[in-house]
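Report on the structure given below.
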Number of protein chains: 2
Amino acid sequence: MDAVDRKIVEILAEDARRSLTDIGAAVELSPSAVNERIRRLVANGVIRNFTVEVDHRALGLDVLAFVWVGLAPDADEATFRTFMAGHPAVAECHHVTGAWSYCVKVRMPSLGELEPFLAELKQRRFLARSETVIALSSVRESLATTAPRG
Amino acid sequence: MDAVDRKIVEILAEDARRSLTDIGAAVELSPSAVNERIRRLVANGVIRNFTVEVDHRALGLDVLAFVWVGLAPDADEATFRTFMAGHPAVAECHHVTGAWSYCVKVRMPSLGELEPFLAELKQRRFLARSETVIALSSVRESLATTAPRG
DNA sequence: GATTTTTCTGTCAACAGCGTCCATTCCCAA
DNA sequence: TTGGGAATGGACGCTGTTGACAGAAAAATC
């Protein structure tokens, strides 16, 4: 994990389809060397996945919301986590400090799906309390935040 | 935007390095047809970017936090948005309903960078009030949430 | 402390496979 | 019947991949 690796990750985060030759030119290395470094970055788990950033609206996921979860005292936290990890609407789920237990980011086709989602959380007795915040618009959205500094 | 397109996006979200031949086999189309569809998905903005999911810890970004911003009544919202869009620590910034104006997701090397960040927001007179929530661990984190349903 | 050994990382060349492009064909709607 | 959009198939050039080799750095040996 040196400066060259970081630069390579930065380039890939911007455009993962850049060719090895191209990246090699940017970091002054041969294509094979770049390939080997990428292979190692993947093997070491620094690069988790090659993927695609999507316009969720275009895919029919019009609603983005944050659900603050105050876990019920008797709730099984492991079960809750498994449920969150597997639920198709859940984009993110973080265990957080402060008054709430978890911050859950969800995407759904419409507001109509929100109530059933919350209902299921309640029914499974996960919730002591919750608060849902709906995102109206996004100034910035998970676009490559690799740069360790400006 | 038909079922085939959605399937292609889903496949790419899982692994953007799958070959056209491979994807073609999955959706029963020739590689050229898949290529043309992907080209169009990119052109139409459905696919925003080819990128890479990263282990931020490995890159030295150990801290993930949510900053809830209550915008000052006299703050210039456009300036605030520009500032957020350009700040290297800001991973996401959403305009939200409820008691707060914005939900800002930030990543930093350590907790030490948090105070200067908040200080700058204050100094620029953006803030009426704010609340910072730190993520201790993540059950799930922006791993391909393409599926409109299970 | 110098020399050998090992390990790690890069270069180079060769090849198979890939994305890209274009002409052609097919199919559906007008 | 005709026109337009989408898929096919083949050709081309580039790309990723691999393996053999070279050089530097670190570890071990004398």
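This structure is a prediction, so every number in the text was calculated from the model and none was measured. Per chain, numbering begins at 1; letters A, B, ... match sequence-line order.
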query: Salt bridge check: are B:Glu10 and B:Arg6 linked by an N-O gap of less than 4.0 Å?
result: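 Salt bridge between B:Glu10 and B:Arg6, a charged N being under 4.0 Å from a carboxylate O: no.
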
- prompt: Salt bridge check: are A:Glu92 and A:Lys105 linked by an N-O gap of less than 4.0 Å?
  reply: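 So A:Glu92 pairs with A:Lys105 through a salt bridge.
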
query: Can you pull the contact range of chain A along DNA chain C, 5' to 3', using atoms under 4.0 angstrom from its heavy atoms?
result: C:dT9 to C:dA13

- prompt: Got a sec, which residues hit side-chain contact (heavy atoms from CB on, under 4.5 Å) with A:Asp74, two or more places apart in sequence or on another chain?
  reply: A:Ala72

query: How does each nucleotide of nucleotides 4-19 of chain D score, in 5' to 3' order, for protein heavy atoms under 4.0 Å: base (B), sugar-phosphate only (S), or none (-)?
result: --SSBBB-----SSB-

- request: Return the orientation label for the A:Trp68 and A:Trp100 ring planes: parallel under 30°, perpendicular over 60°, tilted otherwise.
  value: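 Tilted: the ring planes of A:Trp68 and A:Trp100 meet at 30° to 60°.
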
Ring geometry between B:Phe117 and B:Phe83 (parallel below 30°, tilted from 30 to 60°, perpendicular above 60°): parallel

- prompt: Can A:Asp55 and A:Glu141 be said to form a side-chain contact (heavy atoms from CB on, under 4.5 Å), step by step?
  reply: CA-CA 10 Å; A:Asp55 179 0; A:Glu141 199 169 349; over 6 Å; no

field: Stepwise side-chain contact (heavy atoms from CB on, under 4.5 Å) test for B:Leu71 and B:Phe80
entry: CA-CA 9 Å; B:Leu71 221 55; B:Phe80 173 77; 3.9 Å; yes

